[in-house]
Peer 1: 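Have a look at the structure that comes next, please.
Values below: every heavy atom of this structure, side chains too, minus hydrogens, waters and symmetry copies.
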Amino acid sequence: MSQVEETLSFELEDNKLLGFVYGSQDMHLRIIEHKLDVSISQRGNTLFISGSKENVSATEKVILHLYDLAKKGFKVTADDVHGALGSIARHEEDHHTPFSGDIDPLQIKTRKKVLKPRTINQQKYIENILSSDLTFGVGPAGTGKTYLAVAIAVSKLLEGEVQRIILSRPAVEAGEKLGFLPGDMREKVDPYLRPIYDALHDFLNPEEVIKKLETGEIEIAPLAFMRGRTLAKSFIIVDEAQNTTSVQMKMLLTRIGQASRMVVCGDMSQIDLPSGIISGLVEATQILKDVEGVGMLEFSSEDVVRHPLVAKIVKAYDKEIQRRKGLNIGRND
């Protein structure tokens, strides 16, 4: 039985903001039409949406969300559109209820830009980081796990809430065999922290990044060199944490000192540890899931805010992994 179509009309008051909401050549509206299978037309400040009742309602909420961003002074991009659409898909898949449209644009203010969450899970992630001393962000590449953590860290450093940012990750391989690489410790590890450096340069002027690295306000600390330290009044970010061992993860988590926050990021589908070695990230999220003061957020392909094709790639790989698991279970039976 085909769904009954309905048409909804509503008005956006400030016509100066319409170009931001609609996008260049109405690109944002075309994206929404394609994703939600609706038809959108406009006459002056009034929008007309036709389609199924559920999709019309979802379209209205997405457009009002974009309008709200524009009113708050944000530059609305196609990524914002995809983020809101992804939030709808994720919400309805998890809860089997209509999406409320509530993505409150929390602002993260840094020297060079103001950041806002693009999906509901990004919003929850930011809220977790701001309210928890330890937060785990788990999920595929492109969901903003590390980028948002760096933005918040820079914001807290500029506000004086922390005295330094410490960036760490398992280096080169899980065994952290850095000795064969040329250069001093920072030169050995730098290539593996390039995404974090890129994020720092998005939030601070280049000369500030250099100065803060020299003064130690921003510190690069390979995981192997965290042992024995107590990190007070620091914002610690651990990237690629899926490649920590159980021992490394426990050592790392017990470094948190007074007035410090730690964010641990990783993608459990990208574990490079030798066969038979348990990922410290997998183990920690299981052991600490009910511990008060620990925040956990799991992203999915719907939260990918890079090129829309990236989300499709992640979803296709996830589907294939599940298919292979099913085949293996069949063999064991």
Peer 1: Once you round to the nearest 0.5 Å, how far does CG of Asp290 lie from CE of Met296?
Peer 2: 8.0 Å

Peer 1: So, for Asp133 and Ile256, which heavy atoms are closest and what is the spacing to 0.1 Å?
Peer 2: O-CD1, 4.5 Å

Peer 1: Charged N to carboxylate O under 4.0 angstrom, Lys156 versus Glu217?
Peer 2: no

Peer 1: Might you point out which heavy atoms bring Leu18 and Gly44 nearest each other, and give the distance in Å?
Peer 2: CD1-O, 3.8 Å

Peer 1: Atom CZ of Arg255 and atom OG of Ser234: how far apart are they, to the nearest 0.5 Å?
Peer 2: 12.5 Å

Peer 1: Got a donor-acceptor contact below 3.5 angstrom from the Ser155 side chain to the Ala151 backbone?
Peer 2: no

Peer 1: Calculate, to the nearest 0.5 Å, the distance between atoms NE2 and CD1 belonging to His34 and Ile32 respectively.
Peer 2: 12.5 Å

Peer 1: CG of Leu231 to OG of Ser168: how many Å apart, nearest 0.5 Å?
Peer 2: 9.5 Å

Peer 1: Verify the ring-centre separation between Phe10 and Tyr67: is it less than 6.0 angstrom?
Peer 2: no

Peer 1: Evaluate Gln242 against Ser279 for side-chain hydrogen bond (donor to acceptor under 3.5 Å, both in side chains), listing each step before the verdict.
Peer 2: CA-CA 6 Å; Gln242 73 274 6; Ser279 165; over 6 Å; no

Peer 1: Sort out for me which residue in Val162, Ile236, Ile166, Leu134 forms a side-chain contact (heavy atoms from CB on, under 4.5 Å) with Ser260.
Peer 2: Ile236

Peer 1: Measure the CD1-OH distance between Ile218 and Tyr197 for me, rounded to the nearest 0.5 Å.
Peer 2: 9.0 Å

Peer 1: How many angstroms lie between atom CD1 of Ile165 and atom CZ of Arg261, to the nearest 0.5 angstrom?
Peer 2: 12.5 Å

Peer 1: Hey, are Glu6 and Lys53 close enough for a salt bridge, meaning a charged N less than 4.0 Å from a carboxylate O?
Peer 2: no

